[in-house]
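Each ligand, and each atom within it, is numbered from 1 in the order the structure gives. These figures come from a predicted structure and were not determined experimentally.
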Amino acid sequence: MDQRKNKIPVAVLGATGAVGQRFVQLLADHPWFELTAVAASERSSHKRYADACGWHLNDAMPEMVREMQVLPVEPGLDACIVFSALPVEMARQMEPQFAKAGYTVCSNTSAFRLDPNVPVIIPEVNAEHLALLKKQKEVYGWDGLLITSPNCTTTGFAIPLKPIDTAFGLKKVIAVSMQAVSGAGYPGLSYLDIQDNVIPFIQGEEEKMERESRALLGRMEGKQRVDADFILSAQSNRVPVSEGHTICLSLELQAKASVGEIKEILSDFRSPIYRPGLPSMPRFPILVREEPDRPQPRKDRGAGDGMQVSVGRIRPCPVLDVRMVSVVHNTLRGAAKGAVLNAELLVAEGLVS
Ligand code: NAP
């Protein structure tokens, strides 16, 4: 493996988009990874990154990427790990080609999330699902591998659901999301459509929330992932917020739990595989807020450098058992930084070659 300055060379596919720019920002100065290639569509390829990309993050474009030439999305990139932030149709076509060519592919896209041979991973929730990679190798015979991150909204409630499920067992979940416009990519929705408005439909989102959360909280039986059997009803809405998805949750539990007990297990939750050495993993993945009007996306999406899920308004539910509100940073924990953490986990587990 080419490890310039002892760092692992990595590439970003879809590097000019909303999530791709986050990857570039995070990888420009990562302690383990060196950004060696950026790739995007034909529209951008062979241009300087600074010319191809309409940079829209608040912090300036990192100097080290400005002069890099944007390359086409095809194997041959100078990297061991590729982070995919491609549109789903392109991801479906290209991610297996990279895995076949020997790359470690950490995808943000939904293309293979529900493939029974592809782990969908949040390290604090289900790192043991990496065992699926053995089956992936047998079934697909790739020299490399492919893992995915879940949908950004799903990430925002799967993290708090995990310790609650472990302690009390989930029976039913109602999840209503209010999702930021950056979740639709760049340039996304027109201002005239979203300003002063709520759009009560996001294509495919409710199905992803319902299916991916059961996969994430599922268990390994031999080489198979068995989905968790709670029932989840999702409703998703697009709201005029720039970044940060808010999810209102009502839960029915198998065992009785007081509000105090729920707060305690959420506050104490730590990754079962926590290693002080994973640079992007927060010490505590959940931040419990006690104020009556928190969490709020503008104030709380940055918690833990965008990696903590903020949970508040934990109180009894007169229909089910308990209700609460969570906020997640959709392009950090819910997308690019979640995938970078997945790559760090693969490195720590000795799975990147
Ligand atoms: P986006 O802003 O539209 O960016 C898409 C990127 O893919 C751009 O770099 C674009 O390059 C490139 N691209 C488009 N068509 C291509 C093609 N035919 N061949 C090669 N490259 C192509 O989208 P996004 O929001 O970053 O989302 C990227 C992926 O992440 C999607 O699958 C999305 O579902 C997923 N995701 C998004 C979020 C979020 O919060 N936004 C969260 C989780 C997951 P050009 O600039 O050259 O067109």
Side-chain angles (χ1 to χ4, degrees), residues 11-26 37-57 61 65 68-77 82-95 97-98 105-114 120-122 146-156 158 177-189 202-205 207-209 212 236 238-239 241-247 297 301 306 327-342:
V12 178
L13 313 179
T16 50
V19 176
Q21 292 184 25
R22 279 287 182 199
F23 273 123
V24 166
Q25 184 187 47
L26 295 164
V38 286
S41 77
E42 278 178 11
R43 182 191 69 76
S44 307
S45 19
H46 306 299
K47 293 183 182 163
R48 290 165 71 235
Y49 184 78
D51 294 333
C53 177
W55 187 260
H56 61 83
L57 298 179
M61 180 185 290
V65 75
M68 286 175 80
Q69 192 187 53
V70 179
L71 299 170
V73 175
E74 57 195 25
L77 302 178
V82 295
F83 293 100
S84 171
L86 293 169
V88 65
E89 322 75 49
M90 197 61 193
R92 204 166 281 130
Q93 191 186 326
M94 295 311 300
E95 289 175 359
Q97 291 191 35
F98 277 91
V105 182
C106 294
S107 174
N108 248 294
T109 79
S110 60
F112 292 95
R113 277 188 201 137
L114 293 170
V120 51
I121 296 286
I122 299 174
L146 169 59
I147 72 167
T148 69
S149 310
N151 163 273
C152 42
T153 317
T154 307
T155 302
S177 70
M178 286 155 281
Q179 301 183 209
V181 287
S182 58
Y186 189 81
L189 300 166
I202 303 174
Q203 180 77 46
E205 196 76 1
E207 294 80 359
K208 288 178 195 167
M209 290 162 69
E212 291 177 21
S236 61
R238 188 74 72 194
V239 297
V241 165
S242 62
E243 284 193 296
H245 292 348
T246 303
I247 307 112
R301 61 194 170 211
V327 163
V328 64
H329 198 304
N330 56 298
T331 60
L332 287 172
R333 171 57 98 162
K337 206 165 176 183
V340 170
L341 178 59
N342 278 351

So, taking the atom named [atom1] in [X] and the one named [atom2] in [Y], what distance separates them when rounded to the nearest 0.5 Å?
X      : Y      : atom1 : atom2 : result
Ile121 : Leu341 : CD1   : CG    : 10.5 Å
Thr153 : Met209 : OG1   : CE    : 6.0 Å
Arg22  : Asn108 : CZ    : CG    : 12.5 Å

Q. What residues come within 4.0 Å of ligand 1, counting heavy atoms only?
A.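 Under the 4.0 Å cut-off, ligand 1 touches Gly14, Ala15, Thr16, Gly17, Ala18, Val19, Ala40, Ser41, Arg43, Ser44, Val73, Ala85, Leu86, Pro87, Val88, Met90, Asn108, Thr109, Cys152, Ser182, Gly183, Gly185, Tyr186, Asn330, Thr331, Gly334, Ala335.
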Q. Under 3.5 Å, is there a donor-acceptor pair between the side chain of Gln21 and the main chain of His56?
A.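 Yes; judged by distance alone, with no hydrogens or angles, the pair exists.
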Q. Do Glu205 and Ser177 get their side chains close enough for a donor-acceptor pair, meaning under 3.5 Å?
A.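 Absent: no donor and acceptor within the cut-off.
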Q) So, for Ser84 and Ala91, which heavy atoms are closest and what is the spacing to 0.1 Å? A)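 Where Ser84 meets Ala91 most closely, the heavy atoms are OG-CB, 4.4 Å.
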